[in-house]
Amino acid sequence: VADLHAPLLWLLLVLPLLAAALVPLLPRAVGRVVAFAVMGIVLVLTSVIFARFDGGADAPQLQVTALASLAGGVSFGVDAVNIYLLLLTALLFPAVLLGFWSNKEADRPLYLALLFVLQAFLFGTFLAQDLIAFFVCWEAVLLPMLLLILVFGGAERRRAGLVFFLYTVAGSVLLLAAVILLGVEHLNTHGYWSFRFEDLYGLHLSPAQQWFVFTAVALACAIKSPLVPLHSWLPLAYTQAPAAGTALMAGLLSKMGAFGFIKLAVPLAPDVASQAAPVLVLVAVMSVLYGALLALREDDFRRLIAYASLSHMGFIVLGVFSFQQTAVHGAMLQMLSHGVVVAGLFMLLGLLERRQALSTVPIDALATRAPRLAVVAMLFILASLGLPLTSGFSAEFMILLGAFQEGWSAWLVGQGALRLVVAVLACAAVVLGAAYMLRFARALLFSSQGHARLPDLGWREGAAFAPLLGVVFWAGLWPAPLLQRAQPAAAYLSGFSVGWRPAAAVSAVLPPARADAPEAAAGEVRTHGR
Amino acid sequence: MAAELLYGLLPAHLVLALLVALMLLEIFAVRPVAGRVAFVGLLLAAMGAVLHQLSLDFSTVILPGEMVVDRFAQWSQLVVLGTGVVLGLTWPANTSYKSWLLATASVFGAVVMMNSAGFAALFIGIELLSLPAFALMVHGVGTGAATDGAFRYLLLSAVASAMLLFGVSLSYGLTGSLSIDAFAASVGGGSALETAALLLVLSGLFLKAAVFPFHGWAPEAYGSAPLPVTALLASLVKGAVVLSLARVLGGAVFDANVAVVITVLALMSIAYGNLAALAQSSFRRLLAYSSIAHAGYMIFALLDSTGSRGTDLLWYVGIYSVATLLACASLAVLSRDDDALCTLDGGFAAHPVASLVLAACVLSLAGLPPFPGFFAKLMVFQSVVASGYLFPAVLAFAGSFLGLTVYVGIVLRLFRSERTEADGIA
């Protein structure tokens, strides 16, 4: 299998970079078409990889099934953790390009180049099987996004860009220290430098080192996702970025944080991860509730979706740190589902903003003024609030079921009711989710004023939304083929479950967790202050 | 022997030939463009000679205890000559032959420093490197001159030379030899005299490299010199001095006190340089403070005890110098006469390519992936952490974050524009 995939993976990484260099040189009229064609090819390649990828149900570890090695041992590979994100990355870029086909910026060479650079580094981040490659791509993703905001953003774009950039880079300061520490630890243990994940996963770090690594990674990921105390860059960036940038930021960049938790935090610092899980779960549910409450009170559509996104990202982290197979499956599916849904919603808002700029009448009553747009909007809204048969339902239901089971077993083994209460609170947030999304739907779709008709959904825009809706219903109606591919990762993470451990082992693990918990929380508050 | 002398020092000979060629060109009043062609061409030839030596695995001792041609000499010459080439390509078109001559003399000094195995040669090299720089500051490249800054630089440079010589004379008294190897071997001893000799030599070189708290001359000198000369000071002069630090200390092992001193100075340089850079409104002064911060990272690399000190510094100096030179060159395009940072506002609209080059260079200086500056810093930090300095490394990371705010500020300026800010779309 590896032989077959290696050239495909190569193409995935190289093709966008080549396109970024060459597309700006083409004449403007052709550039956009060629760009779309290249993104289409990338999507086809990804689909081939996705179709052939076999999770291998009995794989005990995060499994590397294909490697494309570069000089110096930098390796990229598809595994059970990144398979969804691979598909999501390949899917969203052509959809965004097509959706905003006739926007002012869409035929600017810089815009197309930035999209390709962004896509290449996102692939790099998700596919990296090497910590240095991961870190480089993780940071490099910021640059095209910063430029997208600075060049094509709204009125406050400089402040938004600065806040977004500095905030997210601040998280990486400790992360880089952790990266180097891990490499040095490998040097001390085995006598040579190595940053490959499979080598680093095998290191047995001391508790102090694990705390350092876990704190560093968790901080970086919590800023990127974002989680609640560290989310203050989010509303500004999501409102000031160009519509395409917001769709990609919410759809893909936020997933990097969740991905980092699964890929780095848990496997590299397993003991600390299971000790800190209650804290992370608590923070996650705070995000869920806080985001939902803010969204409930928000009138600006973009900010509303931004806060809703904060809430949904909390679900993902809740699922990951429940360490329960169903919940982890749900969390990974939520990455895919939320990526598609939030990108769809922001694309929709982008389309509406453009129509608004043309007509200057308020955007409402879509149901009568632009019925096709209204249908698409309603589908995304329903998926977002987790209506059964949509992806949002499959994902959130699995997360909540798993979190609840985990809380229940934690309670049974005498760890207190905290996790149970947290799971119940998260369930309550689903109701809030329905409330704010329906409020959004009412404001957007129905209104008493009868205005002139808006331009309805064009065929290009429809074609952009179609694949996203396809994924929404695929994951809602028949998620088994998806879940099967992510099975090894879910099985691996569920190995940390407290419920499944013998009681003796649990009591050995737990007291330090309680002792350390306030310390970790204090650390996060301090960083927030800085 | 004669053949070895000729071949081993071929790069230096080619730089000398360049000096002669430039004089002749001036005498015969050839069109000024020939100056650049000769400068870049002969430096490239010198690089070719070094590469040829490297491909043959050539090494020799020209003069025992004074001049050698070894691996480090060759690689560091490559860095210095490469810096010279980029400098030649980026200097303004109206550069006079006198300026090319002075720059060549500086390059020659740097080449001599890299070949030196003893303090006499090293000292000659350092003086050859810095004296033309004063002249250039006063004489100017194109227009403008800076006697005030040049005078301050001259004065402090003389102090640095005095400290260096004092340290060397102490070392000579202890070891009876002027060779660098003897000095490096005596460094770890830890007796008062040995430590004094080491600290004096370090202080002299730190002063030349503008490490905190020996940095006082740099903002004035960089700020008052014409931009091309600032570029020379920040790249070639600084790079050669730092490489000579690697040359002098090589694999020397420090005792704990000296290591503490170096750690503290490095961190102070990083913090002070980046913080002070935040407050600057002039590009050249910003460059000065940024170069103080970078000097901090460079001497931070001296803490390494895994044996990769020289390699780390070669990469760091090379990448830093090229990024600085390109930043200065693109700045010259973006803001013609004035070096106030506000002239960069909205530069992207007027000069998109130069703006993107400047942005890439300053982000490389900031050490942001995927730019080369990140990998340079990564190498330094890797060896420093491997040598057991995790906590100072974390502080240095935090310092780079301060630096990042400076550099991103420049990038933001490029994309600022009142006109487009109003209608919301660029």
Side-chain angles (χ1 to χ4, degrees), chain A residues 103-105 108-111 113 117 120-121 124 132-143 146-147 149-159 161-162 165-166 169-188 193 195 209 212 216 240 242 357 530, chain B residues 306 308 345-346 348-349 352-353 355-356 359-360 363-364 366-372 374-375 377-409 411-417 420-426:
Chain A
N103 266 24
K104 244 187 265 183
E105 66 264 21
R108 290 272 296 269
L110 184 67
Y111 172 81
V117 174
F121 285 128
I132 293 288
F134 173 85
F135 183 81
V136 168
C137 294
W138 167 278
E139 288 297 292
V141 162
L142 295 177
L143 287 172
L146 174 70
L147 284 182
I149 296 176
L150 285 182
V151 181
F152 304 109
E156 280 189 89
R157 56 178 188 267
R158 288 180 69 250
R159 197 160 72 87
L162 189 68
F165 190 74
L166 290 184
V169 171
S172 310
V173 169
L174 268 184
L175 181 60
L176 181 56
V179 167
I180 293 178
L181 178 76
L182 285 163
V184 168
E185 201 46 39
H186 190 272
L187 175 73
N188 292 342
W193 290 99
F195 288 96
Q209 287 169 325
F212 184 73
Q240 294 306 313
R530 178 179 69 178
Chain B
T306 60
S308 54
D345 286 1
F348 180 74
V353 177
S355 296
L356 289 179
L363 290 176
S364 179
L368 199 77
F371 296 105
F374 166 73
F375 294 98
K377 282 204 172 71
L378 182 69
M379 287 176 78
V380 170
F381 285 129
Q382 244 179 294
S383 25
V384 170
V385 174
S387 313
Y389 296 93
L390 178 64
F391 185 62
V394 171
L395 288 180
F397 287 136
S400 348
F401 183 69
L402 282 179
L404 190 65
T405 55
V406 177
Y407 300 111
V408 172
V411 177
L412 287 186
R413 276 186 184 280
L414 291 172
F415 293 97
R416 170 194 280 179
S417 160
T420 52
E421 203 108 314
D423 63 28
I425 290 168

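In the text below, chain A, chain B and the rest are named by the order of the sequence lines, each starting its count at 1.
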> Side chain, backbone, both or neither: which part of B:Phe381 has a non-hydrogen atom closer than 4.5 Å to chain A?
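Interface part for B:Phe381: both.
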
> Checking heavy atoms, do the side chain of A:Leu187, its backbone, both or neither come under 4.5 Å from chain B?
side chain

> Do B:Leu378 and A:Ile180 come close enough that some side-chain heavy atom pair is under 4.5 Å?
yes

> Relative to chain B, which segment of A:Leu142 carries a heavy atom at a distance below 4.5 Å: side chain, backbone, both, or neither?
neither

> Does some side-chain heavy atom of A:Phe165 sit less than 4.5 Å from a side-chain heavy atom of B:Val411?
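In short, these two side chains do not touch, never coming nearer than 4.5 Å.
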
> Between B:Leu414 and chain A, with a heavy-atom cut-off of 4.5 Å, which part of the residue counts as in contact: side chain, backbone, both or neither?
neither

> Where does B:Val408 contact chain A at under 4.5 Å (heavy atoms): side chain, backbone, both or neither?
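Contact with chain A involves the side chain of B:Val408 alone.
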
> Check whether B:Ala393 gets within reach of chain A through its side chain, its backbone, both or neither, counting any heavy atom under 4.5 Å.
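No part of B:Ala393 comes within 4.5 Å of chain A.
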
> If you compare all heavy atoms of B:Phe415 against all heavy atoms of A:Arg157, which two are closest, and at what distance to 0.1 Å?
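Here B:Phe415 and A:Arg157 meet closest at O-NH2, 4.0 Å.
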
> In terms of heavy-atom proximity below 4.5 Å to chain A, should B:Leu368 be classed as side chain, backbone, both, or neither?
side chain

> Between B:Phe348 and A:Leu147, is any pair of side-chain heavy atoms under 4.5 Å apart?
no

> Under 4.5 Å heavy-atom distance to chain B, tell me which part of A:Trp138 shows up: side chain, backbone, both or neither.
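Neither the backbone nor the side chain of A:Trp138 comes within 4.5 Å of chain B.
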
> Just give me the residue among A:Ser172, A:Ala140, A:Gly161 that pairs up with chain B most often, heavy atom to heavy atom, under 4.5 Å.
A:Ala140

> Taking the side chain as every heavy atom from C-beta outward, state whether A:Leu174 and B:Phe397 have any atom pair closer than 4.5 Å.
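Side chain of A:Leu174 against side chain of B:Phe397, heavy atoms only: no contact under 4.5 Å found.
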
> Considering all heavy atoms of both residues, which atom of B:Arg413 and which atom of A:Arg158 are nearest to each other, and what is their separation?
N-NH2, 4.1 Å

